[in-house]
Novice: 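Take this structure first; my questions come after.
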Amino acid sequence: MRIVDLEEAINDKRAEMIEIGMEKGLSCEETIVCSQELDRLLNDYRRLTASQGRFTSTLFQEDLLTFIHHLQKLIVRPYRLFLPYKSNRFY
């Protein structure tokens, strides 16, 4: 499979997964299967680009930034539970 075809398949599968997730929920079996198929396509893409010497650091940087963003959300979320409720009534 060519890189261009693989990129198109990845974008289509990502859109499909988002649509299913929005309609049926993220824990739905169909969403999980679609996510696993997307993972396989992404792994194929990385293998293909690495074997052709075209593995760019931007793909790694995007993955790293996404990971950091999600990690930041997980770290900040528990602390919000301990913050006092701020009402706009007294301001």
Novice: Hey, which of R14, E7, E8 is the one that makes side chain to side chain contact (heavy atoms under 4.5 Å, CB included) with I10?
Specialist: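 Of R14, E7, E8, side chain to side chain contact (heavy atoms under 4.5 Å, CB included) with I10 is met by R14 alone.
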Novice: Once you round to the nearest 0.5 Å, how far does CG of D39 lie from CD of E37?
Specialist: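 These two atoms lie 10.0 Å from each other.
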Novice: Give, for atom CD1 of I20 and atom CG of L26, the distance between the pair rounded to the nearest 0.5 Å.
Specialist: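 It is 11.5 Å, given to the nearest 0.5 Å.
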Novice: Using 4.0 Å as the upper bound for N to carboxylate O, is an ion pair formed by K13 and E16?
Specialist: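 Salt bridge present between E16 and K13.
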Novice: Quick check: is M17 connected to V33 through a chain of hydrophobic side chains (ILVMFWY, heavy atoms under 4.5 Å apart)?
Specialist: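 No, because V33 and M17 fall into different hydrophobic clusters, even though each may have its own neighbours under 4.5 Å.
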Novice: Same hydrophobic cluster for L41 and I32, using side-chain heavy-atom links shorter than 4.5 Å among ILVMFWY?
Specialist: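 No: no chain of side-chain contacts under 4.5 Å links L41 to I32.
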Novice: Give, for atom CG of L48 and atom CG of N43, the distance between the pair rounded to the nearest 0.5 Å.
Specialist: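 Between atom CG of L48 and atom CG of N43 there are 12.5 Å.
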Novice: With sequence neighbours left out, write down each residue that passes salt bridge (Lys or Arg N to Asp or Glu O under 4.0 Å) with D12, or none if nothing qualifies.
Specialist: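 Partners of D12 by the salt bridge (Lys or Arg N to Asp or Glu O under 4.0 Å) criterion come out as none, since no residue qualifies.
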Novice: How long is the span from the CD1 atom in I18 to the OG1 atom in T31, to the nearest 0.5 Å?
Specialist: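 One gets 11.0 Å once the value is rounded to the nearest 0.5 Å.
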Novice: Which side chain to side chain donor-acceptor pair (under 3.5 Å) pairs, counting each pair once, include a residue from residues 18-27, with sequence neighbours left out?
Specialist: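 Residue pairs passing side chain to side chain donor-acceptor pair (under 3.5 Å), neighbours aside: K24-E30.
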